[in-house]
Amino acid sequence: MENSQQQTDFRQRLELLIGSEKPYAWAARHGLNKGSFTNMWYKGGVPRVGTAQKIAAGSGCRVEWLLYGDGPMQDERAQAHEAAMPAGLPALPARGDADEHEIPAGVQEEFCFIPRYNLKASAGFGTSAAGEQPMFYMAFRRYWVKNYLNASPRDLVVISVKGDSMSGVLEDRDTILVNTAERNPGEGLFVIRIGDDIFVKQLQRLPGGAVQVKSANPLYETFTVDLSRSAGEFEVIGRVVWFGRQIA
C-alpha cells in the first residue's frame, strides 16, 4: 500500500514538472529513455536514483522531493535564481558564479563531437588541403545524426566556406557539416578536391561517366569533369548535410 501511494505521489510530482509540455517531448529533452519514461508515465513506475538525479538536474528540483516528496521542490539557491529570471523566460538550474549554464548530468552522453578542421572549402577559386589539422570539436545530438542524417559520427567533419561562387546557397564563412561516407558524385552539394584545392559545389552526374560542376553564382562558369580521365586529380570528399551561419 505504501509503495502504491509513493507511485501515485511520484506521478503527481512528475506532472507538475512536465506542465503543459508534451510528455514524450519533455522526456526526450531531458535525455530519458523512452521505455523508462513509459514505465513511469503509464505504468506507475518510480525511477532509479540515477534517473531521478538526471530529472532533478534538468528540472531544477531536489531529488528527495521528486522521489519521496520530502522538503521543498527546490533548494533556496534555485528558488532565488528562478525569482531573479525575467518574466517569460524558462527557469534554468542554479549555477552559482559560473559564466556558463550548468550542464545537467547525462546531457553530454546525448552528443557526439565532430572535428572542426582549419580548412576552407572554397566557393570560389580553391583552398589548399595540405596540412589539415582539427582545431576543435563541435557537438551534435547523436539522435539527430543517426535518425535524420542517417550517418555515423566517425564519418562527419566540419569545415568552413570561403568565397562567393555558391552565394544564395552557401555564403562566405558559413560552417558546413560534411558526410565523408558519401563519396559517390550525384545530385547535391559536395565538397570536392581538384588537384590540391578544395571546393564546395553543386554536382550533377552525367551519362558516360562525367560530372557537371555548378556554382550558384552565375558569375562562375559551369564545367564538366570526365571521371575516367581525372584519376588522382578529382576526388569527392563528401556530401554537405548541414550548414550554420552567424547572423551579423
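- No side-chain donor-acceptor contact under 3.5 Å links Asn217 and Ser215.
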Exercise for review: I would like to know whether Asn39 and Ser36 meet side-chain contact (heavy atoms from CB on, under 4.5 Å); could you show each step before the answer?
Suggested key: CA-CA 5 Å; Asn39 184 54; Ser36 176; 5.7 Å; no

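- If you check the side chains of Asp164 and Tyr220, you find a donor sitting under 3.5 Å from an acceptor.
- Taking Tyr24 as the reference, Lys34, Phe37, Thr38, Tyr42 meet the side chain to side chain contact (heavy atoms under 4.5 Å, CB included) condition, with sequence neighbours excluded.
- Residue Phe113 qualifies as enclosed at atom CZ: its count of foreign heavy atoms under 6.0 Å is above 12.
- Counting heavy atoms from C-beta outward, Asp70 and Trp65 have side chains that stay 4.5 Å or more apart.
- Arg239 places no side-chain N or O within 3.5 Å of a backbone atom of Gly186 that could act as its donor or acceptor partner.
- Residues meeting the side chain to side chain contact (heavy atoms under 4.5 Å, CB included) test with Glu233, sequence neighbours left out: none.
- Using a 4.5 Å heavy-atom cutoff, the side chains of Ile55 and Met40 are in contact.
- At distances below 3.5 Å, not a single donor-acceptor pair connects side-chain atoms of Arg173 with backbone N or O atoms of Val161.
- In this structure, the separation between CG on Leu66 and CG on Leu17 is 6.0 Å, given to the nearest 0.5 Å.
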Exercise for review: Kindly determine whether Val225 and Phe223 satisfy side-chain contact (heavy atoms from CB on, under 4.5 Å), including the steps that lead there.
Suggested key: CA-CA 7 Å; Val225 175; Phe223 59 94; 3.9 Å; yes

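- Around the CZ atom of Arg48, the shell of radius 6.0 Å holds no more than 12 heavy atoms that belong to other residues, nucleotides or ligands.
- Side-chain atoms of Arg13 come within 3.5 Å of backbone N or O of Leu67 as a donor-acceptor pair.
- Remark: of the listed residues Val191, Val178, Ile237, Val178 is the sole one forming a side chain to side chain contact (heavy atoms under 4.5 Å, CB included) with Val157.
- In this structure, the separation between NZ on Lys54 and OG on Ser59 is 12.0 Å, given to the nearest 0.5 Å.
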Check your understanding: Given Val213 and Phe199, is the side-chain contact (heavy atoms from CB on, under 4.5 Å) satisfied, shown in steps?
Key -> CA-CA 10 Å; Val213 182; Phe199 298 85; over 6 Å; no

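- Within the model, atoms CZ of Phe243 and OG1 of Thr175 stand 10.5 Å from one another, a figure rounded to the nearest 0.5 Å.
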Check your understanding: Yes or no on side-chain contact (heavy atoms from CB on, under 4.5 Å) for Leu156 and Val145, after CA distance, side-chain angles and deciding distance?
Key -> CA-CA 9 Å; Leu156 300 176; Val145 168; 3.8 Å; yes

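- Summarising the geometry, atom OG belonging to Ser160 is positioned 7.5 Å from atom CG belonging to Asn118; distances are rounded to the nearest 0.5 Å.
- The closest side-chain heavy-atom distance from Phe140 to Leu149 is not below 4.5 Å.
- Side-chain contact between Val200 and Phe190 is absent, with no heavy atoms from C-beta onward closer than 4.5 Å.
- By the 6.0 Å contact criterion, CD on Glu221 is open, its count of non-hydrogen atoms from other residues, nucleotides or ligands being 12 or less.
- A donor-acceptor contact under 3.5 angstrom links the side chains of Lys201 and Ser165, judged on distance only.
- The side chain to side chain donor-acceptor pair (under 3.5 Å) test applied to Gln212 returns no partner, not counting sequence neighbours.
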